[in-house]
Asks: 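My questions all concern the structure below.
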Amino acid sequence: MILGVIVLTGAILGRTMPADDSSTASQPAAQTSPIFTTAHRTVGDAVREFFGTRTKPVQPIAYTHKVHLANGMQCTDCHVGVDQGPDARIPSVNFCMTCHQVIATDKPEIKKLAAYRARGEDIPWQRVYGFEPSAHVKFNHAPHIRAGVDCAKCHGDMHTQTVAERKVDHTMGFCVECHRQNNASVDCVTCHF
Amino acid sequence: MQRRDFLKISAAGGAAAALEGCGNPDHQLIRFIPEEDLLPGIATWKPSICTLCPAGCGTLVRVMQGEAEVVRNGQLGILKMGLAKKIEGNPAHPINQGKLCPRGHAALQVTYHPDRIKTPLQRTGNRGSGQFKEITWDEAIKQLVSQLSALQASKEQGRLALLASPLRGERRTVLNNFAAGFKSAPPIEFEFFDNRVLQSANLQSFGHASLPTIDLGQSNYVISFGADFLGTWNSPVAQSVGYGHMRKGRPGQRGKFVQVESRVSQSGASADEFIACPNGVEGMFALSLAHVVLRDKLRAGDAAGHAGSLIDGWSQGLPDHAPEKIEKQIGVSAATVARIAHEAAAAGPAVVLIGDAATAQTNGLFNALAVNALNALLGSVGKPGGLSFGAGWSEPPASAAAGKGAADSIQKLVAQLQSGSDAARVLLLFNANPVFGTPAAWGVHDALGKVPFIASFGSFIDETSALADLILPDHSPLESWLDDVPASGSARTVVSLAPPAMNPLHDTRSMPDVLLDVAHQLGGDPAKALPWKTYDEALKATFTTLYIEKGSQTAKDPDEFWKKAQEQGGWWSADEKTPAPAVGKFSGSPAKIPAPQFDGAPEEFPFHFLPFASQMFYDGSLAHLPWMQEAPDPLSSVMWGTWVEINTRTAEKLGVKMGDTVEVASAHGKLQAPALVTPAIAPDLIAMPIGQGHENFTRYASGRGANPISILAPMTVESTQSLAWAATRVKVSRVGEGKIVMFGASMDETPASTKHR
Amino acid sequence: MAHQWGMVIDLDRCTGCEACVVACHAENNISTVGEDQAARGRAKHWIRVERYYEGEFPDVKTKFMPVLCQQCDAAPCEPVCPTFASYHTIEGLNGQVYNRCIGTRYCANACPYNVRFFNFYNPVWDKPLNLQLNPDVSVREVGVMEKCTFCVQRIKASEIQASSEKRDVKDGEIQPACVQSCPTKAMVFGDLSDPQSEVSRLARSNRATKLLGELGTLPKVTYLQRDSWHAGEDS
Amino acid sequence: MPAKTPEQINEDLLRPLGGASARYLTALAFFAGIVIAAFCAFGWQVYAGIGVAGIRRPVFWGFYITNFVFWIGLSHAGTLISAILRLANATWRRPVTRCAEVITVFALSIGATFPVIHLGKPWLAFWLFPYPSERGLWPNIRSPLLWDFFAINTYLLGSVTFLLLPMIPDMALIRDRATGLRKKIYSVAALGWRGTPKQWHRLESAMQIMAIAVIPVAVSVHSIVSWDFAMAPVPMWHSTIFAPYFVAGAIFSGIAALIIAMALLRKFLHLEEYLLRVHFENLGKLLLVMSLLWFYFVFAERLTAWYGNEPSEMTVFWVTQTGSYSPLFWLMVFCNFVVPFPILAIKKLRTITGTVIASIGVVIGMWLERFLIIVPSLSHKYLPYSWGTYRPTWVELTITAGTFAAMAMLYMLFAKTVPIISIWELKAKEHPTSDHAPALAQTAEEGAD
């Protein structure tokens, strides 16, 4: 019972972080570094991570994957670099505007896009997938693509999605099962380092 | 943890929990449109140059895309940009050959330092109070131009002083041209370890006013008088690469390394034979080695040529320096001297080095001349496995170094300010920190305080730039166009070049670009002296000259040459041919080796005082880097602090225990620091690392430890004006219990359990 | 057969300059802890240069010895971990799986070399020092044990690169940060399962010893003892 | 001393269960305050990081694991002693068994929290449970910490059963006398006890089985705790003597704790007529034996280390013998041997006060012993470059104080809810299986000899 109480207190208290950010005074010498920060911003974040729940991303522009793919575009047209390295690029507003300078300029979402560019701002996309820092996963797209893993295997069928949704739950079980089926390494440091 | 912190943090945590619904504050920052087109997660390597010490190592910077919080047009936002992530040695660079010292790695933190000056600043509070307000670049440059124009208007151009840490390559040209165009006095160069005594000796002995390039890799016998050539002296990485090769790079052949000094230095620790010798008698020791070589006819006397002729009694075989006669004075038995001389002569090629404390005695110049003569006698000059000079493309003009030290100019500046006649009215400061780097007895701080207007181009507020009225922050080296012309370290001619490795993080501007801008705004002669629009234009012009002078096998025109140099990290000659030995004829006016003088009566001040270059902080200019602060000193393992080295027996007599606070007092000041009791120092010597003791140098270095330079006596090296920083005597007393932070615990003796079996 | 990564450190070359120490900090996102915490023994240096003096001045002998995780084949740290956070990888490394670590610190007690470091607090990077962080390496949070990984991120990157080029990793292709920076080339890294590799060749030297070899931990780091100079040996 | 009637026994032993006095409440509040402070300290540690404790490199285990071993050791007071005495049919044991068994349950629960408290991430402690997860990961059965986990849980389960079984008839007794809510609660606890011969028989055989089963479990628990240390190649840890040494030490400290608990109960619950000098004297003799045994083990451990002269072991040996830890070492010898030996060996001194003084010495001494096993070895492990020291912070001190307060508080609460002396066993004559349970009067007479 005591153990239970401690575990619970731990779970709740353990992973929060003080909100105060050192003020940006112009006087460097007066500042001192804090001894610690906590692993999470808030108690809520800590609890959410403990139970593995994530908030749904809200995208600033209702980008539709369906339409782009239906028009014959490929994933790698925008997500450049996914076959070369760990991450796929999320295109910047400039990249979108190479086409949308002329295409569908009257649509409300495209107007939003143009407005961002006019203000000199990039689109603040929110992450859909991605691992918690405390999961310490070093995922690398390129070897997976070289091994012929279909994008949909991990991201769901984007032909049916408008804004990207978390269709696949990237749990460790999901990864390990696929690795096992394909005789890929399941050594821990394959992904965790 | 203080209770106060607890309450504060609890409250903050609670507030955070309450505000949680507002979402991640990072998401509330706007995102700027990226300026570069980078692939996430993929590293590119860009050549750069290490600027933290004069060695001029070539580096490769690993650049990856990252998200930086930056201010653009007065607004805080997130920008995806290429960020330097790691610095490695450039394998193609002839100096460091892909290797790097600890300081070079930490250069990364200069760019990302939290206390870097982010915008131009104008002083608001009293001088030195550290109160500044942020201004725009237009305002800042306007202020500087108006100050300079005022000097021009009153025909007082000579009252502009420029104070810089030694610059090389095109930056030096820009600064010199600016001074010349403005008709001010030439820039004053200041750094603590300026090596000018050795440069001066080399000029006299060999006709080269530079430090030697040492071919350790092919040497079989290395004798070093006080030079910490594996730690900080001259070109330490190049020398370490050579040392590794000397020790184990040639199958079946292993060179011997003998270190002669009064405290086991970073280099001395690796010696095959360590010979203790009091400070100041290094020259005598060298000459007694020469005596044995001459006496036993191991080499002919005239082999030393001109270098030998400078030494009194050389032609007679140095009768006064027979080891038997001087063994008491140098504290080394005649048998040892004879053995070393025979070993060195037989092993060949042999090379003798001198540097650091051995040249910072009042008789340092003569010590260096003696070692030069010994080198010449052993036939080490200009030979494989020996030392060579003059590989640099544009060696500093001989007159700059000959017979005068940094002290000369800075003391003159101070004297003028103190007397008020011809005193500087405007001072431009380029990273030099003489307030920290000169003895308090010189009065630099108060004198500089009298300058009506000081503008600093540094990236940090330090003891000297804290006096500034205007701060025009420079880019960090990684954000700048860099070039360098190292004078030693490689037998090849090297001209390093690097474009910026990353875009600037803050609202800073490159110092040479600002000077060009200021010169153009002033118009007239200054503008004519600096005809380039930007600094890279100036660099390109220089590389065109270089192409024309040296030619190139790979580039067909100057443009391609310029491009290839940027990709490679510079240009270097293909051949490693050392210039012909500049030994010269057997002539010259002989000089006797004078006895060293020390400040302070031995009765009152029983110990010699030896400040030494810190492996992590060099001359103190790197104390602001947290990696350097936390890296344990290799010998003492001290982190985040300073220490006073005291011999075990001496400490016992003084009743001092490890970590006790002791007071070290010279006739010119005193300081307190924790004691480090060690067997690796002479019993009559007190040593202290230079680097800590900053009053005002970012959050990581301010108010930490004590500065040994401050208590030094204003002694100069005879026949030069350089500070004889190892010529002070001190007394030591225990103050009480203290605190010393060490990474290593018990390291005095290897216990049996750690000995390899 | 899987690679067996190993290292040789030549103490006759090592000058104790600590370039490796700082290179490791830069490569592996090792946080600095500040003076107070350093005084409490919480400083983290995955590789350290141990210095020992023997004798009295002037006959004092100094010995430098870089100590990093020895990646033992019979590692005492591995069996004691209740959650398999510390385990033996296929390539013979002592893996440390941060996300699996619950912080019993048992591994650190069991390790005879004291090369394991614990995150007593969540690490602090004063902005913008956080921008220097290497994205290829995890940032370890509070309560987690960490230690030298032989720069596993570099090993993985080279292996992925080699496999994409359909070849094996070349000898000398992988250099951990310490090896890469070492000015005297005192450190050599490579595959011990390949008898032709530089590291295997050096590990067979008659100067080769293992640190605390008598404990039977079978370290994969080999030290080459200091050599001495004898007059006339070379000529 | 005249034999007590069953009614008197009921009266005397059920009296403490009545209302709480002001003195009782004050003491309870005092201990509760310390426990709350300890919880706050733990909360702070979880929030800020375990860095608020004094542990450091290389002493990664400090007060917490000391407390863990100490409390687990203390837990051997009860169940083990009571089981041995039960099996040996030592009749004088009857008033002693329950207060001993309670010590076990509480000390074990407190001790078992320390491995969680000392974790870097205590909220992940459940990873020690072998449960199926989608990750396909199980705990590492090679880790002594996992052995601990199973051993302690087994022992805790066994001890709780061993405590609860003989409580059933007493619960029934209280149930029969209580009304209202209390009656309902005690009815549940009495598990439908009617006092039928069949029930008595079952109880007796269950007790017999438990007593036999719990002894190897108890021995294994402290052996396994010792293996937490002995399995690691740490100087002075890696020793075959550790398992018996720890078990002996555990029983040693357990008896001492029992003597102190009995003395306090005797004084505050006015049980002078039940907890007699004979009990203290008999336990005192046991304590004397254990003191000698402990000394023998320490001597054997130190002698072999010294004679072997293994350099890394000798470092730790000398640092405890003459170095910075020597004051603690000699204090330990003083507390564990110099004080108890004469007191317990000389019959005249083996009084209630005497045994209590000896016991206090032993509890302090045994805590020091645990500390001296853990800290000096870790702080002087092999390479001298990374030696270190250890100093606890207020967090560790508060939590340590909190556990002692928790013990006191739990004991006080227990004494308020359950008769601390087994009533039915004292009235052994009355129930049917009295053939191997002589009367209390007889015991008292034996004591008077």
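What you see is a predicted model, and the numbers here were worked out from it, not measured in a lab.
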Asks: Considering non-hydrogen atoms only, spot the tightest contact between D/Leu383 and C/Glu50 and give its length.
Replies: CD1-OE2, 3.5 Å
Asks: When heavy-atom pairs shorter than 4.5 Å are enumerated against chain D, which of C/Gly103, C/Cys101, C/Cys111 gives the highest number?
Replies: C/Gly103
Asks: At a heavy-atom distance under 4.5 Å, which candidate from D/Gly120, D/Pro58, D/Gly51 has the highest pair count against chain C?
Replies: D/Gly51
Asks: Mind checking what makes side chain to side chain donor-acceptor pair (under 3.5 Å) contact with D/Thr400, not counting sequence neighbours?
Replies: D/Asn67
Asks: Which members of residues 143-153 of chain C, sorted by number, sit under 4.5 angstrom from chain D on a heavy-atom basis?
Replies: C/Gly143, C/Val144, C/Met145
Asks: Identify which of D/Leu146, D/Asp148, D/Ile50 forms the greatest number of heavy-atom pairs closer than 4.5 Å to chain C.
Replies: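 If we count pairs closer than 4.5 Å to chain C, D/Ile50 comes out on top.
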Asks: Please identify each residue that fulfils side chain to side chain donor-acceptor pair (under 3.5 Å) with C/Lys220, with sequence neighbours left out.
Replies: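 Side chain to side chain donor-acceptor pair (under 3.5 Å) list for C/Lys220, sorted by chain: C/Asp73.
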Asks: Rounded to the nearest 0.5 Å, how far apart are CZ of D/Arg57 and NE2 of C/His45?
Replies: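 The NE2 atom of C/His45 is 8.5 Å from CZ of D/Arg57, to the nearest 0.5 Å.
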Asks: If you draw a 6.0 Å radius around OH in D/Tyr131, do more than 12 non-hydrogen atoms from other residues or ligands fall strictly inside?
Replies: yes
Asks: I need the minimum non-hydrogen distance between D/Ala48 and C/Tyr121, along with the two atoms involved.
Replies: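 Distance-wise, the nearest heavy atoms are O-CD2, 3.1 Å.
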Asks: Heavy atoms only: give me the nearest D/Pro233-C/Pro76 pair and the separation to one decimal.
Replies: CG-CB, 3.5 Å
Asks: Would you compute the distance between atom CZ of C/Phe84 and atom OG of D/Ser143 and round it to the nearest 0.5 angstrom?
Replies: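 One finds 9.0 Å between CZ of C/Phe84 and OG of D/Ser143.
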Asks: Please collect all side-chain hydrogen bond (donor to acceptor under 3.5 Å, both in side chains) contacts where either partner lies in residues 218-235 of chain D, sequence neighbours excluded, each pair once.
Replies: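 Of all non-adjacent pairs touching residues 218-235 of chain D, those that pass side-chain hydrogen bond (donor to acceptor under 3.5 Å, both in side chains) are D/His222-D/Arg370.
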Asks: For C/Arg100, which atoms come within 4.5 Å of any heavy atom of chain D: side chain, backbone, both, or neither?
Replies: both
Asks: Given the options C/Ala110, C/Ala43, C/Pro79, C/Pro112, which has more heavy-atom pairs under 4.5 Å with chain D than any of the others?
Replies: C/Pro79
Asks: How about C/Pro82 and D/Trp127: do any of their side-chain heavy atoms sit closer than 4.5 Å?
Replies: no
Asks: Salt bridge check: are D/Lys121 and C/Glu141 linked by an N-O gap of less than 4.0 Å?
Replies: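 Between C/Glu141 and D/Lys121 there is a salt bridge, with a charged N closer than 4.0 Å to a carboxylate O.
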Asks: Might you work through the side-chain contact (heavy atoms from CB on, under 4.5 Å) test for C/Arg40 and D/Thr389, ending with a clear yes or no?
Replies: CA-CA 9 Å; C/Arg40 287 167 184 238; D/Thr389 52; over 6 Å; no
Asks: Can you tell which part of D/Ser379 gets under 4.5 Å to a heavy atom of chain C, answering side chain, backbone, both or neither?
Replies: neither
Asks: Sort C/Leu215 into side chain, backbone, both or neither according to what part of it lies under 4.5 angstrom from a heavy atom of chain D.
Replies: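 C/Leu215 touches chain D through side-chain heavy atoms alone.
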Asks: Tell me if a side-chain donor or acceptor on D/Tyr385 pairs with a main-chain N or O of C/Arg48 at a distance below 3.5 Å.
Replies: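 Between the backbone of C/Arg48 and the side chain of D/Tyr385 there is no qualifying donor-acceptor contact (under 3.5 Å).
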Asks: Which atoms of D/Trp237 are under 4.5 Å from chain C, going by heavy atoms: the side chain, the backbone, both sets, or neither?
Replies: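 Side chain only.
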Asks: So for D/Leu128, is it side chain, backbone, both, or neither that comes closer than 4.5 Å to the heavy atoms of chain C?
Replies: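 Side chain only.
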Asks: Tell me, side chain or backbone of C/Cys77 under 4.5 Å from chain D's heavy atoms, or both, or neither?
Replies: neither
Asks: Evaluate side-chain contact (heavy atoms from CB on, under 4.5 Å) for D/Ile55 paired with C/Phe120, printing each intermediate quantity in order.
Replies: CA-CA 9 Å; D/Ile55 43 165; C/Phe120 288 95; 3.9 Å; yes
Asks: Is D/Tyr390 in contact with chain C via its backbone, its side chain, both, or neither, using a 4.5 Å heavy-atom distance?
Replies: neither
Asks: For a side-chain contact (heavy atoms from CB on, under 4.5 Å) check, start with the C-alpha distance between C/Tyr106 and D/Phe60, then their side-chain angles and the critical distance, and finish with the verdict.
Replies: CA-CA 8 Å; C/Tyr106 199 171; D/Phe60 286 101; over 6 Å; no
Asks: Can you measure from CG (C/Asn109) to CH2 (D/Trp61) and round to the nearest 0.5 angstrom?
Replies: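 If I round to the nearest 0.5 Å, the distance is 5.0 Å.
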Asks: How many angstroms lie between atom NE2 of D/His118 and atom CZ of C/Arg105, to the nearest 0.5 angstrom?
Replies: 4.5 Å
Asks: Quick one: what part of C/Val115 sits under 4.5 Å from any heavy atom of chain D, side chain, backbone, both or neither?
Replies: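 It is neither, since no heavy atom gets under 4.5 Å.
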Asks: Considering only heavy atoms and a distance below 4.5 Å, find which of D/Ala53, D/Pro144, D/Ala232, D/Gly388 pairs most often with chain C.
Replies: D/Pro144
Asks: I'd like to verify something: which residue of D/Ile141, D/Val59, D/Leu378, D/Ile65 has the highest number of heavy-atom pairs under 4.5 Å with chain C?
Replies: D/Leu378
Asks: To the nearest 0.5 Å, tell me how far C/Arg116 CZ sits from D/Ser386 OG.
Replies: 14.0 Å
Asks: How long is the gap from CG on D/Asn140 to OG1 on C/Thr83, to the nearest 0.5 Å?
Replies: 8.0 Å
